[in-house]
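Values below: all heavy atoms of this structure, side chains included; hydrogens, waters and symmetry mates excluded. The structure displayed is predicted, hence computed values, not measured ones.
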Amino acid sequence: MTHWWQRLWQRSARHGRDGSAPDACAVSTASPGGETAQDDAWQAVRERLPILEGLDAEALARLERRARHQLSDWKLTSAEPLAQVEALALAAQAMLLLNGWAHAERWQDAGARVHEIMLPLQAIRREVEEMDDAGVVHVFEDTRAGETWYQGPVVVTRQDLAASGDWSGFNVVIHEFAHKLDMANATDADGFPPLPRQISAAEWHATFTAVWDDLNACLSRGEPTPIDDYAASHPAECFAVCCEYFFTAPDTLDAAYPALYTLLERFFQQSPLTRCPPPSD
């Protein structure tokens with residue numbers, strides 16, 4: 001099944017490289033006399049999101065600043081109003097992906113592609129057509145926790161947003177924003193986001209191909225996969241699912257695919273495994 005990944009790594013010349021401008025964005029949405037309420041809201045977000053545990057003061061300050069900055073730019077569309085803490089928690093989870101990048105150009109460029117977040121209450125159902133390797137078209141109903149389009153909105157269900165933020169390996173916000181990050185150098189998500197200078201396209205291709213092949217080998221043998229088998233459905237989903245595990249179940253990802261965990265550690269410039277709580281007995 002390696003053919004999904006063929007030719008993608010050869011596009012390295014078209015992939016953007018990260019800039020080096022320091023993060024000078026110190027946007028604050030606080031108004032005079034409102035700092036206490038903002039502090040209380042951020043503290044509530046930290047309590048709401050166990051995956052923020054262990055971040056140092058500098059990382060937390062950067063995350064809060066960027067989350068508030070992005071939230072002020074986004075249009076949130078929901079049938080029912082989203083509480084302030086939950087809206088800030090959504091933005092914090094999205095910006096967590098970019099929080100290891102201290103340079104303004106790289107994180108702002110990734111975040112700029114999101115203008116609207118749509119928040120339906122429950123799972124999204126779509127009629128999907130897929131062609132298999134034999135050329136046969138299959139039509140079926142697909143149920144999704146979220147959706148993302150190039151230069152379009154990010155869709156995250158309220159139900160799955162409420163279930164995101166812990167160390168369970170599931171996080172719809174990280175998953176959908178990983179797709180947006182993936183689209184930073186193409187109109188379609190393909191599992192090949194813009195790479196930093198220290199990671200070659202060939203290394204990225206080889207590492208993800210090994211994971212892809214292993215997942216599909218497990219499925220062909222009828223064995224359980226070490227991570228969610230949705231990762232074996234498309235290279236873009238492989239990247240997004242692995243991002244979920246990297247940030248919310250890094251111990252599972254590292255145990256299953258240590259080379260991939262290390263690659264993502266270098267890519268995101270973060271080490272969530274050092275903050276992940278030990279498994280409970």
Side-chain angles (χ1 to χ4, degrees), residues 1-9 51 93-94 96-97 123-124 126 128 130-133 138 140 142-149 154-157 160 163-184 186 188-195 199 201 203-268 270 272-273 276:
M1 298 290 291
T2 310
H3 67 278
W4 277 104
W5 291 94
Q6 295 303 319
R7 298 183 302 276
L8 292 179
W9 69 275
I51 55 172
Q93 289 172 91
L96 182 61
L97 276 85
I124 306 157
R126 294 277 188 271
V128 177
E130 280 191 1
M131 181 181 294
D132 62 22
D133 293 339
H138 303 269
F140 59 94
D142 189 24
T143 301
R144 303 178 183 181
E147 291 183 332
T148 303
W149 293 276
V154 172
V155 182
V156 173
T157 71
D160 290 292
S164 299
D166 59 13
W167 296 102
S168 66
F170 172 82
N171 192 296
V172 67
V173 180
I174 288 175
H175 185 106
E176 296 306 325
F177 276 82
H179 284 320
K180 275 292 188 183
L181 180 59
D182 191 359
M183 295 176 189
D188 293 317
D190 58 14
F192 243 106
L195 300 177
I199 299 176
E203 180 185 8
W204 188 271
H205 167 262
T207 305
F208 268 97
T209 295
V211 173
W212 173 267
D213 288 346
D214 183 69
L215 290 169
N216 280 281
C218 288
L219 292 174
S220 66
R221 295 191 299 264
E223 299 173 357
T225 53
I227 62 175
D228 190 339
D229 63 11
Y230 191 47
S233 64
H234 188 278
E237 300 304 342
C238 190
F239 173 64
V241 169
C242 289
C243 288
E244 284 186 83
Y245 276 84
F246 179 76
F247 285 102
T248 71
D251 51 345
T252 300
L253 185 65
D254 183 60
Y257 303 116
L260 177 60
Y261 174 83
T262 300
L263 181 68
L264 292 178
E265 195 175 42
R266 290 162 55 206
F267 177 74
F268 286 112
Q270 300 185 59
L273 185 60
C276 181

Are the side chain of Trp204 and the backbone N or O of Gly191 linked by a donor-acceptor pair below 3.5 Å?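 It does hold such a pair.
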
For Ala217, is there any backbone N or O sitting under 3.5 Å from a side-chain donor or acceptor partner on Ser220? yes

Can you give me the closest heavy-atom contact between [X] and [Y], atom names plus distance?
X	Y	value
Leu96	Gln270	O-NE2, 2.8 Å
Thr252	Pro226	CG2-O, 3.7 Å
Ala201	Phe192	O-CZ, 3.5 Å
Leu253	Cys242	CD2-O, 3.7 Å
Tyr261	Pro250	CE1-CB, 3.8 Å
Ser164	Phe170	OG-CE2, 3.7 Å

Using side-chain heavy atoms (C-beta onward) and a distance below 4.5 Å, is [X] in contact with [Y]?
X	Y	result
Thr207	Tyr257	no
Val172	Thr157	no
Phe177	Cys243	no
His179	Val154	no

Atom [atom1] in [X], atom [atom2] in [Y]: separation rounded to 0.5 Å?
X	Y	atom1	atom2	answer
Cys218	Asp213	SG	CG	11.0 Å
Leu97	Lys180	CG	NZ	13.5 Å
Asp229	Asn216	CG	CG	10.0 Å

For residues 234-248, which residue pairs pass the salt bridge (Lys or Arg N to Asp or Glu O under 4.0 Å) check, not counting sequence neighbours?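 Every pair satisfying salt bridge (Lys or Arg N to Asp or Glu O under 4.0 Å) with a residue in residues 234-248: there are none.
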
Evaluate the ring planes of Phe239 and Phe267, with Trp represented by its six-membered ring, and classify them as parallel (under 30°), tilted (30 to 60°) or perpendicular (over 60°). perpendicular

Are Phe268 and Phe247 close enough that their ring centres sit under 6.0 Å apart?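 Yes, they do, as the ring centres are separated by less than 6.0 Å.
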
Taking the six-membered ring for Trp and the full ring for Phe, Tyr or His, determine whether the centres of Phe208 and Trp212 are under 6.0 Å apart. no

Residues in side chain to side chain contact (heavy atoms under 4.5 Å, CB included) with Thr248, at least two apart?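 Once residues adjacent in sequence are excluded, the partners of Thr248 under the side chain to side chain contact (heavy atoms under 4.5 Å, CB included) criterion are Ile51, Asn171, Ile174.
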
Hits for side chain to side chain donor-acceptor pair (under 3.5 Å) against Asp182, two or more places apart or cross-chain, chain-then-number order -> none

